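The next block holds one structure in the form of structure tokens; read it before the comments.
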Amino acid sequence: MTAELVRGQNHPLPQARLEIRVSAGKPIVAGATLSDENGKVHGVEWVAHPGSPTLPGLEVSKQAAADHRLAFDLDALTEAVHRVSVLLALPTGVGGPARFGSVAAPFVAVTGLGGAEIASYTITGLDAETAVVALELYRRQGAWKVRAVGQGYAGGLAELLADQGLPQAPQLANDINEAVARGLARSVAAPPPRTAEGDRSRHTAASALGPDQGGPTPQGATGHVSQQAGYVGGPAQGDPSAATQPPMPGGGGPVNYSHPGRQAAAPPSPPPTAPPVQPGQPAQPVAGDATGWSMEERLYNQVWGMFEDLARTTAAYRSAVDFADSRMEQELDKVLSDPRSRIGGQADAARETARAKHSQLVDQARAALDRDLAQLSAEAEVVEPALPTAFARWDSPVWQGYRVPMEIPMALRLGDLQLPESSGLSIPMLVRLPLERGLWIDSGRAGSPDGSLADSDELRRLAVDTAVALAARLLAVYPAGEYTVHVIDPAGSGASALAPLVQTGVLHTPPAVGAAGVNDVLARLTQRVDLVQMAIRAGAADSLPPDLDTAEQLLIVNDFPHGFDDRAVTQLRYLADEGPAVGVHLMMVADREDAAAYGPLLDPLWRSLLRLTPVPDDHLADPWVGHAWTYEPSLVPPGSQVLQHVLTQVAAARRDWNR
């Protein structure tokens with residue numbers, strides 16, 4: 001039975017390999033410290049945290065998240081370690097909660113590898129604290145126990161680590177916060193968590209020994225400005241309560257820019273059913289077997305479920321291999337440490353035994369991974385052809401029958417993601433609409449697979465091609481007149497790649513060139529952000545000027561920082577920070593090295609944007625275990641006319657809408 005602990009209570013641990021699961025409702029940082037019999041941490045190498053998540057015998061999360069899964073192998077700890085403290089802290093400088101008293105009481109559970117709960121503890125009574133020692137695993141007479149601690153620190157991680165005797169506590173606390181900020185900048189935001197009733201019934205991958213990085217994604221305001229919209233905090237797209245939720249008075253929240261007369265979601269329909277499962281055979285995958293209010297939402301949830309399953313089953317495989325390696329090293333070290341067994345047949349036999357055990361463990365882990373990959377590959381084969389236009393590849397038949405939509409989809413495909421262990425299996429990278437972050441198409445050499453792409457001009461052209469393909473997708477999935485694209489190309493270097501947008505007439509105005517063109521576009525969009533923000537604060541969204549473009553705005557900036565003075569750079573940063581909440585989005589096509597003269601001034605800009613690359617590159621992290629995923633952009637196949645076909649229809653629909 002599970003032991004529900006209260007502060008100060010302890011409980012024996014029946015096994016050495018276990019997991020600690022944390023749920024907090026808001027993104028928090030999880031870590032662990034190792035200490036001796038006196039409770040002292042001897043150095044930074046005794047602390048596991050997002051910047052250094054793995055120590056012998058334990059692994060913690062690489063990112064801040066609402067849910068974590070920490071892995072422990074107590075037998076692998078050195079004899080000098082007598083205590084393991086599990087730490088929780090609020091991330092600093094990322095706009096999160098300022099104290100634990102403002103979030104739900106964190107829940108911590110100790111489980112076996114199979115998920116069976118051993119002990120749990122709800123950390124209550126916290127107020128101004130920003131860091132807390134949640135649990136303590138400690139040795140007592142040769143056995144391990146867990147104690148509920150719940151000791152909070154208003155001074156954060158620096159105070160907590162100093163209290164455990166770490167001299168470098170302030171510096172390490174800063175390093176941890178910087179690692180968390182970097183992790184948030186490179187991670188793909190997870191969708192809102194599925195409810196208990198909404199969890200889909202499908203084949204699940206093996207439990208990951210790595211950390212759980214799940215967490216809710218804050219939903220931004222939809223970007224279309226309706227002059228009839230006079231309320232704030234409207235329901236998110238796909239929310240079944242949207243039709244019954246009453247208008248709310250203005251003030252304090254983002255304007256709901258959704259069209260007041262447009263249906264927000266389709267009525268619920270039962271998910272498709274799979275064929276009967278034969279005894280001893282895995283369930284046959286079916287497109288849309290996740291829960292959701294519509295088929296679009298079910299497919300969206302299914303794709304994210306596949307993404308999560310692949311992350312976790314790969315984490316389980318990597319953890320198992322690491323454990324096998326560690327175990328073999330310990331056994332070999334044990335043989336070598338005894339002079340009597342270093343030579344002769346006894347030593348050779350011990351080495352062979354250790355290597356055989358290692359091979360057996362690795363083979364078992366690989367077999368489990370191959371089984372899960374086969375199931376996920378079969379699922380991908382039925383899901384990919386069923387994806388709607390906004391989720392589909394450019395070579396999908398659905399684009400050949402494209403028509404301008406009447407409603408905004410819930411998400412958009414930005415490319416594909418892949419892990420080294422799953423060659424041939426790609427997961428669509430879907431992000432919610434409207435975009436909650438700007439996009440940065442990296443045109444620098446760092447964007448090439450090995451950083452050695454010789455032709456930098458070719459890489460820059462590919463970056464603009466990627467931007468055009470993404471802009472075309474955004475234009476194609478919005479109803480006529482509800483998406484406006486601006487382009488800044490100061491030197492005209494992207495004219496050839498931008499030709500599809502220019503020639504079809506989908507741009508609001510021709511690409512801006514020269515310093516005057518840059519300043520004009522930035523001034524207009526900055527003014528739009530200011531006007532909408534003032535309307536929100538005044539609770540008067542219906543008082544916006546009649547000539548204000550009510551569509552969502554996308555600004556594509558090519559060849560930055562050419563043509564940008566200090567004032568233009570400040571305006572660009574302002575649009576990146578404030579624009580998404582009021583329907584103004586940024587897409588940068590730039591080489592960060594070209595802007596190196598600005599120094600750290602632009603670091604917040606790069607961190608605020610989601611970095612994408614025009615060629616495959618392993619720079620994105622998942623929000624669960626933080627794997628480095630290889631991202632591949634969604635480009636139009638060579639020789640295909642699909643882009644021209646789609647943009648021509650978008651331009652025609654725009655002209656009809658303007659009449």
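No experiment lies behind these values; they were computed from the predicted model shown.
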- Would you say D36's side chain and N38's backbone share a donor-acceptor pair under 3.5 angstrom? yes

- Write out all pairs satisfying ring pair (Phe, Tyr, Trp, His ring centres under 6.0 Å) with one or both partners inside residues 15-42, taking only residues at least two apart or from two chains. H42-W46

- Task: Using atom types as modelled and distance alone, determine if a side-chain donor or acceptor of S608 lies under 3.5 Å from a backbone N or O of L605.
- Result: yes

- Item | Pair Q171-D175, side chain to side chain donor-acceptor pair (under 3.5 Å): steps then yes or no | CA-CA 6 Å; Q171 180 60 45; D175 293 345; 2.9 Å; yes

- Report yes or no: do D372 and Y317 form a side-chain donor-acceptor pair below 3.5 Å? no

- Indicate yes or no for a side-chain donor-acceptor contact from Q302 to the backbone of G288 under 3.5 Å, with no hydrogens or angles considered. yes

- Task: Please report the shortest heavy-atom distance between V303 and P428, naming the atom on each side.
- Result: CG1-O, 3.6 Å

- Give a yes or no on whether the ring-centroid distance for F72 and W144 is below 6.0 angstrom. no

- Item | Listed partners of E578 passing side-chain contact (heavy atoms from CB on, under 4.5 Å), at least two apart | V529, Q533, Y574

- Nearest non-hydrogen partners of L430 and Y300, listed with the distance: CD1-CD1, 3.9 Å

- Message: Can you give me the closest heavy-atom contact between L373 and S422, atom names plus distance?
- Response: CD2-CB, 3.7 Å

- Query: If every non-hydrogen atom of L70 is compared with every non-hydrogen atom of G31, which pair is closest and at what distance?
  - Reply: CD2-O, 4.2 Å

- Would you say the side-chain atoms of R99 pair up with the backbone N or O of L126, donor to acceptor, closer than 3.5 Å? no

- Task: With side chain to side chain contact (heavy atoms under 4.5 Å, CB included) as the test, would you mind laying out the steps for T313 and R371 before giving the verdict?
- Result: CA-CA 10 Å; T313 194; R371 180 196 65 226; over 6 Å; no

- Message: Main chain of L601, side chain of R573: is a donor-acceptor contact present, judged purely on distance under 3.5 Å?
- Response: yes

- Item | Between E421 and T314: side-chain donor-acceptor atoms closer than 3.5 Å | no

- Are the side chain of R139 and the backbone N or O of V81 linked by a donor-acceptor pair below 3.5 Å? yes

- Note on the structure: Residues passing the side chain to side chain donor-acceptor pair (under 3.5 Å) test with Q364, sequence neighbours excluded, are none

- Task: Could you check whether the rings of H619 and Y631 sit parallel, tilted or perpendicular, using 30° and 60° as the cut-offs?
- Result: perpendicular

- Query: Counting distance only, does the side-chain N/O of H68 pair as donor-acceptor with the main-chain N or O of V22 below 3.5 Å?
  - Reply: no

- Task: Answer whether the closest heavy-atom distance between the side chains of L439 and L414 falls below 4.5 Å.
- Result: yes

- Task: Could you pull out the closest heavy-atom pair between T111 and I118, with the gap in Å?
- Result: C-CD1, 4.0 Å

